[in-house]
Each structure stands twice: as C-alpha cells, then as structure tokens.
Amino acid sequence: MTKSSRNLLGRLLFQDKGILPTGKLLIVFGIASSLLIVAGGFGLPWPLVFLIDALLIGLSLCDLLLSPKKKEVGMSRQIENQLERGLEYKVDLHIHNASHHEMLIELKDGLPQVFEARFPLKGKIPASSSLSGSYNMVAPVRGDYNLSRIYLRYRSRFGLWAKQKTFKTDDAVRVIPDLTETRKVLEDAQQYLMYEGQKIRKQKSGSGEFAKIRTYVTGDDPRMINWRQTAKLQEVMTNEYEPEHGKYITILIDCGRMMGAELKEGNRLEKSLEAAMTVAAAALKNGDYVSVIGFSREIKVYVPPAKGMGHMQTILEQIYSLQVDAAESNYALVFQHIQSVQRKRSLLLLFSDVHTFLNEDSLLFHFQRLRRQHLFLTIGVEDETVINRSKDEPANVKATMIKSMAQQQIMEKRKEKMKWEKQGLHMLEAREEKLASTAVSHYIDVLNRGLL
C-alpha cells in the first residue's frame with residue numbers, strides 16, 4: 001500500500017487530515033450526472049455534458065471557501081491523569097472557532113483501543129465562539145497510556161464538503177486497580193465488614209492497647225467496668241481495648257498463569273490486586289507495617305515494610321501495572337525470598353489460586369521452615385462454575401457425569417486442604433465480590449485473637 005493510499009484510507013476512517021466529499025455532495029452529483037447522461041442519450045452534446053459536470057464540481061468547491069480554515073480551529077482535552085479500572089470517568093473537550101463561519105462538527109478522541117466510549121460526538125459551533133462538551137469513558141485494562149490525538153471533522157456552509165483535522169495532544173493517563181473497596185475500609189472498617197456480611201470479633205478481655213472509655217452495653221465483660229467513671233457519671237462505663245499496633249503484614253500476589261482465569265468482572269489477578277490494596281489500607285490505618293511481594297516464576301515486585309497512610313501510594317505505584325504471566329508460579333522462590341527479607345514475625349497473606357497451590361507437594365519443606373516464625377493464609381477466588389455444576393440436577397447422562405466430576409473435584413480439593421491445614425496452613429476461598437472483605441475480616445480476626 002502506497003503512502004497516498006494509506007493517507008486516503010486513514011482519512012476515510014477518521015484518522016488523518018484532509019478534505020472529503022460528504023454524502024450530500026455525492027447524492028447531488030450522482031442525480032445531476034444521471035440526468036445529464038439521459039439528456040446526452042436524447043441528443044445533448046457530450047462535450048456539453050462533461051462541461052456541466054465540471055461546472056458543478058467547480059461550484060461545489062466554492063463551498064469550501066465558506067468554511068473555517070484549519071488554522072482557525074483549536075481544541076483541547078481535560079482528563080484525569082489517574083483512572084481506576086472499570087469505573088466511568090468524564091472527559092471534557094473544548095473547541096474554539098475563530099472564523100466568521102458556523103461549524104457543524106463530528107469528533108472522535110484518539111483513545112487507546114481497549115478504552116470504551118461512544119463516538120463520534122456531534123455538535124454546532126457558532127462563528128467566533130467556543131464550545132465545551134464531554135463524554136464518558138471506561139478504562140478496563142490497567143497500565144500507562146498516552147492520549148496523543150483528537151480527530152475533528154467539520155462541514156462547509158452548504159454541507160457539500162468536510163474538512164478533517166488532527167490535533168496533537170500529550171495527556172499521560174495511568175489506569176490503576178479499582179479502589180472502591182479500599183475507600184469503604186478507610187471510611188469505616190467496622191461498617192464495611194458488617195455490610196459485607198462479616199463480623200469483627202471482640203478483643204480478648206483486657207488484652208491489647210487501651211482505646212477509650214464508653215457506655216456499657218449488653219454483652220460486654222463485667223470485669224472491664226470502670227468503677228471510678230461509673231461512680232462519677234452515675235452510668236455504667238467500661239474500658240475498651242484494641243489490638244496492639246505495629247504488627248507486620250506481608251501481602252503476596254501471585255501473577256502466574258492460573259491468575260488469568262476470567263471472572264464476571266476482570267480476572268483473578270485484578271480481584272487479588274483490589275483485595276490486596278484493601279487489606280493494605282486497613283493495616284496501614286491500624287498502624288501496622290505492610291510489605292508487598294508480586295511474583296510468578298520470579299520476583300516481579302518487592303515493596304519493603306513501612307507504616308503510615310503515605311505508604312499506600314508507594315504500594316500502588318509498584319503493583320498497579322502487574323500483569324499475568326504465561327508461566328507457572330515459583331512458590332519455592334518466593335518462600336526463600338521471604339526468609340531473607342522478613343526477619344520479624346508476620347502475617348503472610350497469599351492471594352493465589354488455591355487449587356494450584358495444593359498441587360505443589362514440594363513446598364511442604366519450605367512451608368515448615370516458614371511456619372516456625374510466620375502466620376500463613378492462602379486466599380483465592382472460588383470456582384463458581386464447578387460449584388454450580390455440582391448442584392445441577394442430573395437430567396441426563398451427560399449432566400450426571402458433569403455433576404459427578406464437579407463433586408469429585410470439590411472433594412479432592414477439600415481432602416488436600418485438610419492435609420495442608422494439619423501442617424498449619426489455613427486456606428480460604430471466597431466469591432469474587434467478597435474477596436476483599438473476607439481478607440480484611442481474617443486480618444482483623446488475627447489481630448483480635450493476638451496471634452501475631
């Protein structure tokens with residue numbers, strides 16, 4: 001394909017600058033040409049037919065003089081530089097018409113192909129004025145993107161021709177995991193877990209750090225009654241304790257092949273990243289130290305332990321671009337890495353595919369060494385397809401076989417989990433929408449029970 005043909009194709013596809021005939025011109029010229037050809041068949045001289053056709057084309061070109069020149073049109077875009085995956089955002093566009101002619105416009109923004117938006121946008125801009133508009137878009141894939149072009153097409157006064165112009169822009173956009181669950185935890189962790197169907201267990205009586213004195217309610221330990229405040233206020237008051245701060249939480253994010261399994265929204269890795277950020281927010285808000293390790297067949301990301309809400313941004317900058325690898329995960333490597341970098345007792349929270357982890361019998365040696373010092377939990381997204389198949393009615397032979405195979409998988413997984421749990425490895429599976437709340441609930445339960 002030659003350069004000129006590529007330019008023409010790009011122009012027709014709304015991806016290049018230039019001038020194009022409109023549908024209106026093609027219809028008018030087609031009707032006029034047909035009538036002239038018929039007239040030529042009835043005796044009208046053919047040179048005159050061609051002359052009239054050329055005159056019509058010439059008159060239509062005069063229409064271009066009644067449209068704004070390209071240098072009289074300006075455009076800019078306003079978009080947030082950080083977007084959350086799967087959420088809808090508003091993009092503002094500003095168009096300036098410095099000419100003395102009205103403009104009928106069609107517009108397409110040069111978004112990356114994975115972004116979702118509806119184009120073209122249409123509108124009318126009076127002479128010597130500006131127009132501001134907006135559209136909604138969704139970024140479903142994490143990563144860094146550069147929005148470098150906006151494509152504008154506007155018609156001449158009588159609508160016979162359309163001019164097309166490409167505006168160069170330089171808007172860098174970063175798409176990060178969906179932090180909706182994280183914001184809920186930061187607003188009110190107790191209310192978040194109650195809403196999600198979880199319940200934070202009460203702190204063991206008298207253990208942990210003193211938090212405050214509050215009114216006694218039914219179910220409180222009578223031994224915690226503060227008699228001095230009770231006598232002073234003439235109301236039963238009790239002491240409230242909270243878990244000690246400054247614990248170490250290590251979040252492990254599996255980026256291996258099985259984490260690419262598609263779910264209702266995104267894949268397992270997407271949900272694991274969102275849940276990991278939610279747990280990190282809860283721990284940092286509680287004053288604990290949080291470190292993060294992303295891995296597949298090698299260590300991809302390591303964020304050293306730190307405390308304070310400012311550490312949230314450090315974690316986000318390191319893990320937002322993690323992608324699924326085509327290779328199997330090397331659990332032995334990450335266990336060895338933990339032994340070398342995490343000397344203090346820590347809660348190791350592994351987001352992975354539980355079924356894959358259960359099949360790694362060679363990990364038992366590494367895990368036994370790790371368990372002497374750390375508390376370990378593996379959490380993953382349950383396979384709803386297998387669960388639903390195990391509950392299907394056996395209407396025919398095929399359905400019966402599928403049901404029996406699904407039940408067999410569930411029983412084998414349960415058997416393997418029991419074997420590992422006897423070694424001190426706890427495993428949980430949750431529905432994709434409950435993964436974050438389940439992980440946070442387990443973290444708080446570990447602290448409340450004083451296991452760290």
Side-chain angles (χ1 to χ4, degrees), residues 1-37 49-79 90-113 115-137 147-171:
M1 184 181 291
T2 62
K3 182 177 179 180
S4 59
S5 61
R6 286 197 301 268
N7 291 342
L8 178 59
L9 179 61
R11 198 173 307 164
L12 293 173
L13 295 177
F14 220 135
Q15 295 176 349
D16 194 17
K17 60 183 180 180
I19 299 174
L20 290 172
T22 64
K24 184 176 181 180
L25 174 61
L26 296 177
I27 292 173
V28 171
F29 186 75
I31 295 174
S33 298
S34 299
L35 293 176
L36 289 172
I37 291 173
V49 171
F50 294 134
L51 179 63
I52 296 174
D53 276 340
L55 182 61
L56 289 175
I57 294 175
L59 290 174
S60 70
L61 291 174
C62 294
D63 187 32
L64 285 174
L65 300 176
L66 303 177
S67 61
K69 298 179 180 178
K70 292 182 179 180
K71 64 181 181 180
E72 296 176 327
V73 182
M75 176 170 288
S76 62
R77 178 204 298 117
Q78 289 184 347
I79 185 172
K90 180 180 176 182
V91 181
D92 295 316
L93 297 171
H94 304 281
I95 310 171
H96 179 64
N97 178 16
S99 71
H100 300 292
H101 305 286
E102 183 181 73
M103 292 174 56
L104 291 174
I105 66 167
E106 292 182 53
L107 182 148
K108 284 187 178 181
D109 202 345
L111 298 178
Q113 191 172 6
F115 283 27
E116 298 173 1
R118 290 189 174 183
F119 293 113
L121 305 178
K122 298 182 179 181
K124 180 188 294 186
I125 308 178
S128 303
S129 64
S130 299
L131 176 68
S132 296
S134 63
Y135 66 91
N136 295 325
M137 54 81 67
L147 280 58
S148 58
R149 285 178 172 78
I150 306 175
Y151 305 102
L152 177 69
R153 181 182 291 175
Y154 56 94
R155 297 189 176 189
S156 56
R157 182 179 183 89
F158 296 106
L160 300 179
W161 293 90
K163 289 183 178 180
Q164 192 164 289
K165 183 175 181 180
T166 300
F167 298 88
K168 293 185 177 181
T169 60
D170 188 19
D171 292 319

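Position 1 is the first residue of the sequence, and the numbers go up from there.
For the atom pair Tyr154 OH and Gln164 CD, the distance stands at 10.5 Å (nearest 0.5 Å). Note: Glu116 CD to Met137 CE = 9.0 Å, rounded to the nearest 0.5 Å. Residue Lys71 holds its NZ atom at 12.0 Å from OG of Ser99, rounded to the nearest 0.5 Å. Separating the NZ atom in Lys165 from the CD atom in Glu72 is a distance of 9.5 Å, to the nearest 0.5 Å. Within the model, atoms CE of Met103 and CZ of Arg153 stand 13.0 Å from one another, a figure rounded to the nearest 0.5 Å. Once rounded to the nearest 0.5 Å, the distance linking NZ of Lys108 with OG1 of Thr166 reads 12.0 Å.
What you find for Thr169 and Arg149 is that their closest heavy atoms are OG1-N, 3.5 Å.
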Verdict with reasoning, His94 to Ser130, per side chain to side chain contact (heavy atoms under 4.5 Å, CB included): CA-CA 7 Å; His94 304 281; Ser130 299; over 6 Å; no

Residue pair Phe115, Gln113: steps toward the side chain to side chain contact (heavy atoms under 4.5 Å, CB included) verdict: CA-CA 6 Å; Phe115 283 27; Gln113 191 172 6; over 6 Å; no

Phe119 and Tyr135: CA distance, side-chain angles, deciding distance, ring-ring contact (aromatic ring centres under 6.0 Å, His included) verdict: CA-CA 9 Å; Phe119 293 113; Tyr135 66 91; 4.9 Å; yes

Side chain to side chain contact (heavy atoms under 4.5 Å, CB included) assessment of Gln78 paired with Val91: CA-CA 6 Å; Gln78 289 184 347; Val91 181; over 6 Å; no

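Side-chain atoms of Lys168 do not come within 3.5 Å of backbone N or O of Ile150 as any donor-acceptor pair. Using a distance-only test at 3.5 Å, with no hydrogens or angles considered, no donor-acceptor pair links the side chain of Ser129 to the main chain of Asn97.
No side-chain heavy atom of Ser132 sits less than 4.5 Å from a side-chain heavy atom of Ile95. Inter-residue side-chain proximity for Pro120 and Leu107 is flagged as unmet; no heavy-atom pair is nearer than 4.5 Å. A 4.5 Å side-chain heavy-atom check between Arg155 and Ser67 finds every atom pair outside the cut-off.
In this structure, Asp109 pairs ionically with Arg77, as a charged nitrogen and a carboxylate oxygen lie closer than 4.0 Å.
Other residues, nucleotides and ligands contribute only 12 or fewer heavy atoms inside 6.0 Å of the NZ atom of Lys90.
Of the residues listed (Leu131, Leu152, Leu121, Ile79), the one engaging Leu93 in a side chain to side chain contact (heavy atoms under 4.5 Å, CB included) is Leu121, and it is the only one.
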